Undergrad: 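Sending over a structure as structure tokens; questions will come in a sec.
Keep in mind the model is a prediction, meaning the values are calculated, not measured. Read the numbers this way: they start at 1 and go in the same order the structure lists the ligands and their atoms. Atom set for the values below is all heavy atoms of this structure, side chains included, hydrogens, waters and symmetry mates excluded.
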Amino acid sequence: MDKAVILDRDGTLIFDSGYVYRVKDFKLLPGVIEGLKSLSKQFIFIIITNQSGIGRGLYGEEDMNKFNEKLINELKKDNIEIKKIYHCPHTPEDNCNCRKPSTKYVKEAEKEFNINLKDSWVIGDHTSDIELGINSGCRAIYLLTGHGEKHFKNLEKSDIKPNFIAKSFLQATEFITRNV
Ligand SMILES: [Mg+2]
Ligand SMILES: [Zn+2]
């Protein structure tokens, strides 16, 4: 069985200017390459991302696929492999069964890649990422990058407790390394 780090995309791996989908706006966040490299011997990487911009009609699946391809190729240059990107295209009002914190895609990835969730981690900049981690039986790290700072009050008010709150992606991966 493999251990996984389940990654959020926007605000975690890449700069999130809000519903980012144009390849020209693609920009990795600091420390992402270094951080993923440091974990790549022990973990496989999966991305689960809420893309309500599709449901809102701001961009299409094709735009998102091109953007995801760019991300995958940029990481590949540094020998970092993303096994799969799962996305929810719906808006919260759609009440679908795949939008985070739904564990649908974690369960799919668990089967598809034979993942041991107990030894896996979720990293994200949103309360729903932490809920996803907890609901999946993983450990979860809240990032203050992306929307993390803005939404931190929501996290504090809730009874959702991440295993760690990180100021940067690198801080998150260092925490994982110390706590595998
Ligand atoms: Mg995010
Ligand atoms: Zn959905």
Undergrad: Could you identify which residues cluster with Y142, counting Ile, Leu, Val, Met, Phe, Trp and Tyr as linked when any side-chain heavy atoms lie under 4.5 Å apart, either directly or through a chain of such contacts?
TA: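 Reading the cluster by chain and number, Y142 sits alongside I130, I134, L144, F152, L155, I160, I165.
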
Undergrad: Report the protein N/O/S neighbours of the Mg ion (ligand 1) that fall below 2.8 Å; do not count waters.
TA: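 Within the sphere that stays under 2.8 Å of the Mg ion (ligand 1), the protein atoms of type N, O or S are D8 OD2, D10 O, D125 OD1.
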
Undergrad: Measure from the Zn ion (ligand 2) to every N/O/S atom of H90 and report the name of the nearest one.
TA: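 Result for H90 and the Zn ion (ligand 2): ND1.
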
Undergrad: To check your reading of the site, what angle at the Zn ion (ligand 2) do SG of C96 and SG of C88 form, to 10°?
TA: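 The two atoms subtend 110° at the Zn ion (ligand 2).
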
Undergrad: Name all pairs fulfilling the ring-ring contact (aromatic ring centres under 6.0 Å, His included) condition that reach into residues 3-22, sequence neighbours left out, sorted by first residue then second.
TA: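 Every pair satisfying ring-ring contact (aromatic ring centres under 6.0 Å, His included) with a residue in residues 3-22: Y21-Y59.
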
Undergrad: Under the side chain to side chain donor-acceptor pair (under 3.5 Å) rule, what do R9 and N68 come out as? Steps first, then yes or no, please.
TA: CA-CA 9 Å; R9 196 193 77 175; N68 286 348; 2.7 Å; yes

Undergrad: The criterion is side-chain contact (heavy atoms from CB on, under 4.5 Å); which residues satisfy it with K76, sequence neighbours excluded?
TA: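 Testing K76 for side-chain contact (heavy atoms from CB on, under 4.5 Å), a comparison that skips the adjacent residues, returns I72, N73.
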
Undergrad: Check whether more than 12 heavy atoms from other residues, nucleotides or ligands sit under 6.0 Å from atom NZ of K161, and answer yes or no.
TA: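 Enclosed.
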
Undergrad: Yes or no on side chain to side chain contact (heavy atoms under 4.5 Å, CB included) for I46 and Y105, after CA distance, side-chain angles and deciding distance?
TA: CA-CA 10 Å; I46 307 284; Y105 291 138; over 6 Å; no

Undergrad: Indicate, with yes or no, if L75 and I6 share a hydrophobic cluster defined by side-chain heavy-atom contacts under 4.5 Å among Ile, Leu, Val, Met, Phe, Trp and Tyr.
TA: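 No, I6 and L75 fall in different hydrophobic clusters.
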
